[in-house]
Amino acid sequence: MLKDRFGRVINYMRISVTDRCNLRCRYCMPEGIEWIPMEQILRYEEIAFICAQAAGLGIDRLKITGGEPLVRKDCAVLVSMLKKIPGIRQVTLTTNGVLLSDQLEGLLEAGLDAVNISLDTTDREAYREMTGTDALEQVMASIRKAAGRLPVKINCVAQQGGYENEPVRLAVLARDLPVDVRFIELMPVGAGRNLRSLPNPQVLRMIEEAYGRTAEDPESRGNGPAVYRRLEGFMGRIGFISAMHGKFCGECNRLRLTSTGELKPCLCYADSVGLREILRDNRAGKEERVREKIREAVRMKPRAHCFENPEDITENRRMAEIGG
Ligand code: SAM
Ligand code: SF4
């Protein structure tokens, strides 16, 4: 079992498989960015090697993310490689959903356990403004196709600046489909530093005004930081991930592997340990050297993030590079 200095058990790793994306969400991916050269990006075999060492130490849940993981060729192949690692109990994916309906069957066959689909609006014009792309229909098709086939969570970053009503409109997806809709507070990372989030307490108030009183879900606390609530007549739940208004660092259980093979203990700080060099040199004992680096990253985990004091944030990279 991996335990950090503060007694937290670390059993979850998020893996960014690419810094590239087919959308340009305004809080994440500004225009005119330079992509990381492909030779610096970990190959699937390298990712699987790291995950096998992490599994040997106690990591049992993996999330594939990016950038947009489905723009990288054969993402399903990676899913099936990770699913075969002894000790890995769950492999899930976070996607913007644009390419999901085309790839869903392959991902299900590979054994994908659940999917998170990021969607901040159900209005076509607002979607185009917020993502720079007219792709809402593809995302909706993916949601309809995936719902009921595997657990689906819709993740919405609720924003100010004319988009205040989007959360209320999005919540109907949990009424009409067996999916959870979750609201995530914008974190001051990358381009997110320039935008204002809608605080989750306000989102909850607006949803209750529209659909009636919510009740806390008895199984509210799952594996992550989301708190879930139920609404009468809704198939799915409404969840809140309040990174800013409900600091949940005390329960943090994660490490992040960037697309270039850096292991990050916390989203807020630039500190990381590099694994790629170990993977690519020809010296013996790679397994143990990678394991020691994983232990080092766990030892480095800080007590808490400092998003409420932006001057203390040392991470300046984009969310898509780090692995959101
Ligand atoms: N492209 C995939 C997607 O959109 O789901 C995976 C990568 S994306 C970086 C993962 C999640 O991070 C998305 O749900 C996105 O909304 C969220 N995200 C990006 N920048 C953020 C920020 N500054 N604060 C909070 N969430 C952010
Ligand atoms: Fe792409 Fe996801 Fe970032 Fe949007 S949030 S630009 S979909 S990586």
Side-chain angles (χ1 to χ4, degrees), residues 14-33 35-36 62-72 75 92-100 103 107 114-121 126-136 138-139 142-143 146 152-161 163 166-167 170 180-200 203 224-226 239-246 248 254 256-259 264 267-268 305 307-308 310 313 315-324:
R14 293 177 73 95
I15 305 160
S16 174
V17 296
T18 179
D19 63 320
R20 287 150 219 244
C21 188
N22 47 355
L23 297 185
R24 294 288 176 274
C25 299
R26 50 194 212 124
Y27 49 72
C28 179
M29 192 80 71
E31 294 290 348
I33 28 182
W35 304 125
I36 298 171
L62 301 172
K63 166 92 70 203
I64 300 172
T65 178
E68 172 50 39
L70 299 185
V71 301
R72 180 153 176 192
C75 190
T92 61
L93 174 79
T94 292
T95 169
N96 59 34
V98 175
L99 300 172
L100 180 64
Q103 298 186 30
L107 290 163
V115 67
N116 291 355
I117 302 176
S118 302
L119 182 64
D120 298 340
T121 175
Y127 185 91
R128 203 188 49 71
E129 284 169 18
M130 292 164 112
T131 67
T133 315
D134 185 13
L136 179 66
Q138 282 113 288
V139 183
S142 295
I143 293 172
V152 176
K153 296 190 181 103
I154 311 292
N155 286 338
C156 166
V157 175
Q159 298 161 55
Q160 298 188 21
Y163 302 115
E166 303 313 321
L170 255 171
D180 292 336
V181 173
R182 313 194 301 175
F183 297 99
I184 300 175
E185 286 179 334
L186 187 73
M187 290 175 276
V189 177
R193 286 187 184 207
N194 310 321
L195 295 174
R196 298 288 300 275
S197 182
L198 213 53
N200 268 344
V203 174
F240 296 91
I241 300 181
S242 306
M244 307 299 288
H245 284 83
F248 38 68
R254 64 192 56 188
R256 288 169 196 270
L257 179 63
T258 71
S259 55
K264 268 185 71 67
L267 195 54
C268 187
H305 71 60
F307 287 141
E308 63 284 9
I313 302 172
E315 182 55 84
N316 288 314
R317 285 177 290 182
R318 285 177 290 120
M319 196 72 142
E321 274 177 79
I322 306 164

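Residue indices begin at 1 and follow the sequence shown. Atoms within a ligand are numbered from 1 in the order they appear, just like the ligands themselves.
- In this structure, CG in Leu170 is found 7.5 Å from CG in Asp120, a value given to the nearest 0.5 Å.
- For ligand 2, the atoms closer than 4.0 angstrom to any heavy atom of Asn96 are 7 (S).
- Taking any N or O of Ser118, backbone or side chain, at least one lies under 3.5 Å from an N or O belonging to ligand 1.
- Atom numbering of ligand 1 starts at 1 in the shown order; those under 4.0 Å from a heavy atom of Met187 are 22 (C), 23 (N), 24 (N), 25 (C).
- Heavy-atom distances between Gly67 and ligand 2 reach below 4.0 Å in at least one pair.
- Looking at Leu119, Val98, Thr121, Thr131 one by one, the single match for side chain to side chain contact (heavy atoms under 4.5 Å, CB included) with Leu136 turns out to be Leu119.
- Distances below 4.0 Å separate heavy atoms of Thr65 from the following atoms of ligand 1: 6 (C), 7 (C).
- Of the N or O atoms in Glu68, one or more lie within a sub-3.5 Å distance of an N or O in ligand 1.
- Distances below 4.0 Å separate heavy atoms of Val157 from the following atoms of ligand 1: 16 (O), 26 (N).
- Contact annotation for Leu186 and ligand 1: heavy atoms of both the backbone and the side chain come within less than 4.0 Å of the ligand.
- Listed by number with element, the atoms of ligand 1 under 4.0 angstrom from any heavy atom of Glu185 are 25 (C).
- Take Asn155 and apply the side chain to side chain donor-acceptor pair (under 3.5 Å) test, not counting sequence neighbours, and it matches Arg182.
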One pair to check against side chain to side chain contact (heavy atoms under 4.5 Å, CB included): Glu166 and Gln159. What are the steps and the verdict?
CA-CA 8 Å; Glu166 303 313 321; Gln159 298 161 55; over 6 Å; no

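- When distances to atom 3 (Fe) of ligand 2 are checked against a cut-off of 2.8 Å, Cys28 contributes an N, O or S atom below that limit.
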Checking Ile241 against Phe183 for the side chain to side chain contact (heavy atoms under 4.5 Å, CB included) test, could you report, in this order, the C-alpha distance in whole Å, the side-chain angles of both residues, the deciding distance, and whether it holds?
CA-CA 6 Å; Ile241 300 181; Phe183 297 99; over 6 Å; no

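- Formation of a donor-acceptor pair under 3.5 Å by the Glu68 side chain with backbone atoms of Gly66 is not found in this model.
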What verdict does the side chain to side chain contact (heavy atoms under 4.5 Å, CB included) test give for Leu93 and Leu107, after you've listed the backbone C-alpha separation in whole Å, the side-chain angles of each residue and the deciding distance to 0.1 Å?
CA-CA 9 Å; Leu93 174 79; Leu107 290 163; 4.0 Å; yes

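- The salt bridge (charged side-chain N to carboxylate O under 4.0 Å, His left out) test applied to Arg24 returns Glu31, not counting sequence neighbours.
- At a heavy-atom distance under 4.0 Å, only side-chain atoms of Cys21, from C-beta outward, approach ligand 2.
- Judged by the shortest distance from any of its heavy atoms, Gly67 lies inside the 4.0 Å radius around the atoms of ligand 1.
- Not a single heavy atom of Cys21 lies less than 4.0 angstrom from ligand 1.
- With a heavy-atom cut-off of 4.0 Å, Thr95 touches ligand 1 through its backbone alone.
- For Thr94, heavy-atom contacts with ligand 1 shorter than 4.0 Å involve the backbone as well as the side chain.
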